[in-house]
Q: 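Submitted below is the structure of interest, expressed as structure tokens.
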Protein chains: 2
Amino acid sequence: MSTAQGARARARQEITAAIKEAARRQLAAQGAAKLSLRAVARELDMVSSAVYRYFPSRDELLTALIIDAYDSLGEAAERARDAASDVPPPARWVAVCEAVRGWGLAHPHEYALIYGSPVPGYSAPQTTVRAAARVGLVLIGILRDARQGPGPAAPPLPADLVPEAARVAADLAPDLPPEAAVALVAAWAQLFGLVGFEVFGQFNNVVADRETFFRHAAARLAEGVGLR
Amino acid sequence: MSTAQGARARARQEITAAIKEAARRQLAAQGAAKLSLRAVARELDMVSSAVYRYFPSRDELLTALIIDAYDSLGEAAERARDAASDVPPPARWVAVCEAVRGWGLAHPHEYALIYGSPVPGYSAPQTTVRAAARVGLVLIGILRDARQGPGPAAPPLPADLVPEAARVAADLAPDLPPEAAVALVAAWAQLFGLVGFEVFGQFNNVVADRETFFRHAAARLAEGVGLR
DNA sequence: CCAGAGCAAGAGCGGTGCTCTCTTTTTGGT
DNA sequence: ACCAAAAAGAGAGCACCGCTCTTGCTCTGG
């Protein structure tokens with residue numbers, strides 16, 4: 001039990017990592033639909049049935065990759081936030097948005113895995129939920145920091161939204177006013193709409209200078225959540 | 001050539017339609033990944049190789065379904081626009097957005113097909129482009145109609161966006177001012193961000209009253225493009 | 001009327017996810 | 001130090017997949 005439960009456990013971790021690495025390579029090369037457990041096994045010089053000692057099914061492998069992708073994107077967002085800790089909140093917001101965009105463009109297939117169609121026989125294991133929240137938490141944090149001072153008022157809510165807004169705020173960030181919480185959730189989804197359209201090529205013959213376009217759109221998103 | 005090129009051609013059309021219908025059923029039931037040409041053939045009591053007389057490959061079948069899905073969504077949007085022809089433009093905008101959302105929730109797998117990850121070995125045939133534009137055209141039309149009167153100014157553009165905005169406007173709607181065109185493209189993507197998050201379950205433990213939330217978000221989108 | 005086009009059927013190839021059995025290796029308690 | 005038990009690898013095999021090819025049959029247009 002000395003270092004890490006013996007050589008057996010360490011080997012298991014290494015092989016598990018190697019499988020995920022090979023799978024990630026295939027994912028990046030051909031997309032989730034073409035990810036083949038047998039091909040992964042071939043690349044690692046093992047027989048297909050051996051892989052099942054590490055992942056009980058192809059979908060479980062994909063789930064592991066999904067979690068890793070969420071973490072990778074979350075880290076990218078957190079790095080961008082930390083690198084922009086000395087700029088005003090709106091610029092920090094834009095920096096995080098650009099990090100999300102950059103990650104998506106750099107890893108389109110992994111982006112598709114987490115924000116495209118749910119690939120496996122449809123199942124979003126609860127395990128992924130926490131990993132999925134990281135980007136959202138970064139955005140919440142920026143808004144919270146900016147609200148330390150006197151908050152510029154967000155636009156008032158229509159009456160029918162008030163109860164839902166209170167609910168969202170209570171679950172998400174009890175220290176934020178309801179109108180900020182609901183605006184943030186909308187901006188969160190809208191950010192991924194912008195990124196998704198670009199990653200999936202929907203802007204192809206529509207927007208040429210996508211970088212500039214995106215920066216502007218992200219800045220307007222910041223305004224929409226009350227950052228100024 | 002009298003009615004429709006004889007019985008042969010009619011039979012071909014009928015069988016083609018039957019194949020697409022069966023495929024759409026499978027798509028709705030299990031998603032694009034599990035759509036099997038052989039299963040479609042089984043359902044239609046033919047042998048798998050016979051299907052290839054009508055669609056040269058599984059991906060071609062999927063492409064046909066993609067185009068149909070774009071058309072179906074486009075029709076839903078157009079119906080909503082026409083049904084709301086007598087309400088003010090912002091309300092008409094919201095009605096179209098709600099139609100898009102409703103269609104997506106009613107046909108999640110088809111929505112995933114067109115706005116989720118590009119499924120086949122990655123190819124967006126040029127044929128789909130025109131079908132894909134329909135929803136966008138509806139949104140443009142609403143904005144254009146509203147602009148007949150004296151247009152409320154959209155927020156001014158930063159200098160670095162001016163050239164791109166001019167380009168977008170020229171391609172998209174030369175009669176719209178550049179800042180409106182660029183705001184519209186952003187709103188277009190953001191709309192599908194909102195709908196996609198809901199269809200794909202990203203709002204599951206975040207937003208409860210999604211209907212109300214969406215209506216509010218769509219209304220703010222309308223403000224963002226200058227509808228008031 | 002009949003050649004050729006269109007179509008259905010079946011066999012078959014290589015690939016897939018996954019299961020089962022059998023053997024080998026490693027491990028931990030006595 | 002030994003030995004049963006657990007873990008891992010290897011291989012065959014099942015049912016399915018997309019797709020191709022060949023073989024006949026039917027319909028159609030000149």
Side-chain angles (χ1 to χ4, degrees), chain A residues 1-20 22-23 25-27 29-66 113 118-123, chain B residues 1-20 22-23 25-27 29-66 113 118-123:
Chain A
M1 190 187 293
S2 57
T3 57
Q5 203 85 256
R8 196 89 197 178
R10 182 163 52 247
R12 184 171 182 84
Q13 282 190 336
E14 281 172 13
I15 294 182
T16 302
I19 291 174
K20 286 206 291 184
R25 254 197 306 276
Q26 282 199 18
L27 183 66
Q30 305 160 338
K34 309 247 174 192
L35 194 162
S36 147
L37 226 149
R38 288 177 112 112
V40 169
R42 266 195 303 274
E43 190 176 324
L44 266 50
D45 274 316
M46 38 171 145
V47 97
S48 73
S49 59
V51 179
Y52 285 84
R53 300 267 175 210
Y54 298 87
F55 294 93
S57 76
R58 194 195 98 121
D59 285 0
E60 293 276 344
L61 212 195
L62 266 181
T63 301
L65 296 184
I66 288 175
L113 201 59
V119 185
Y122 183 72
S123 61
Chain B
M1 189 186 293
S2 57
T3 56
Q5 203 83 256
R8 200 89 196 182
R10 182 161 53 248
R12 184 174 182 83
Q13 282 190 337
E14 281 172 13
I15 295 182
T16 302
I19 291 174
K20 286 207 290 185
R25 255 196 306 276
Q26 281 200 20
L27 183 65
Q30 305 159 340
K34 310 247 174 190
L35 194 161
S36 147
L37 225 150
R38 289 176 112 112
V40 169
R42 264 196 304 274
E43 189 176 326
L44 265 51
D45 274 317
M46 35 172 150
V47 95
S48 72
S49 58
V51 180
Y52 284 85
R53 297 266 169 207
Y54 299 87
F55 293 93
S57 75
R58 192 196 99 123
D59 285 1
E60 293 276 344
L61 213 194
L62 264 182
T63 301
L65 296 183
I66 288 176
L113 202 58
V119 184
Y122 183 73
S123 63

Q: Give one of base, sugar-phosphate or nothing for A:L61, where a contact means two heavy atoms less than 4.0 Å apart.
A: nothing
Q: How long is the line joining CZ of B:R10 and P of D:dT28, in whole Å?
A: 10 Å
Q: Would you say a side-chain N or O of A:Y54 is under 4.0 Å from OP1 or OP2 of D:dG9?
A: yes
Q: Suppose we call a contact any N or O donor and acceptor under 3.5 Å apart; does that hold for the side chain of A:R53 and the base of D:dG9?
A: yes
Q: Taking all heavy atoms of A:V40 and all of A:A22, pick out the closest pair and write down the distance.
A: CG1-CB, 4.1 Å
Q: Could you work out which one of C:dT27, D:dC16, D:dA10 sits closest to the side chain of B:R42?
A: D:dC16
Q: Quickly work out the B:Y52 OH to C:dG12 C1' distance and round it to whole Å.
A: 14 Å
Q: Within the structure shown, what part of the strands sits under 4.0 Å from B:L44 by heavy-atom distance: base, sugar-phosphate, or nothing?
A: nothing
Q: Rounded to whole angstrom units, what separation is found between the NZ atom of A:K34 and the C1' atom of C:dT16?
A: 12 Å
Q: Would you please confirm or rule out a distance under 4.0 Å between OP1 or OP2 of C:dC7 and any side-chain N or O of B:R12?
A: yes
Q: Would you kindly compare A:R38 and A:D45 by the position of their nearest DNA chain D nucleotide and give the one closer to the 5′ end?
A: A:D45
Q: Roughly, in whole Å, what's the span from CG in B:D59 to P in D:dC17?
A: 16 Å
Q: Which nucleotide sits closest to the side chain of B:A50: D:dC19, C:dA8, C:dG17?
A: C:dA8
Q: Quick one: is C:dT16 close enough that its OP1 or OP2 comes under 4.0 Å of any side-chain N or O from A:S36?
A: yes
Q: Taking all non-hydrogen atoms of both residues into account, name the closest pair between B:A64 and B:F55 and its distance.
A: CB-CE2, 3.9 Å
Q: Atom CG of A:L35 and atom P of C:dC18: how far apart are they, to the nearest Å?
A: 11 Å
Q: What is the separation between atom CZ on A:R8 and atom C1' on C:dT24, rounded to the nearest whole Å?
A: 10 Å
Q: How close do B:A41 and B:V51 get, heavy atom to heavy atom, and via which atoms?
A: CB-CG2, 3.6 Å
Q: Could you work out which one of C:dC18, D:dA10, C:dT26 sits closest to the side chain of A:V47?
A: D:dA10
Q: Where the side chain of B:L37 is defined as all heavy atoms beyond and including C-beta, which of C:dC18, D:dT20, D:dC19 is the nearest nucleotide?
A: D:dC19
Q: Looking at B:A39 and B:Q26, what are the two nearest heavy atoms and their distance?
A: CB-NE2, 2.9 Å
Q: Would you kindly give the CE-to-P distance between B:M46 and C:dC7, to the nearest whole Å?
A: 11 Å
Q: Both B:S49 and A:P56 contact DNA chain C. Which one's nearest nucleotide lies toward the 5' end?
A: B:S49
Q: Looking only at non-hydrogen atoms, find the nearest pair between B:L35 and B:A23 and report the distance.
A: CD1-O, 3.8 Å
Q: At under 4.0 Å between heavy atoms, what does B:S48 touch on the DNA or RNA strands: base, sugar-phosphate, or nothing?
A: base
Q: Mind calculating the distance between CZ (A:F55) and P (D:dA8) to the nearest angstrom?
A: 13 Å
Q: What closest approach, in Å, do A:L62 and A:A32 show between heavy atoms, and which atom pair accounts for it?
A: CD2-CB, 4.3 Å
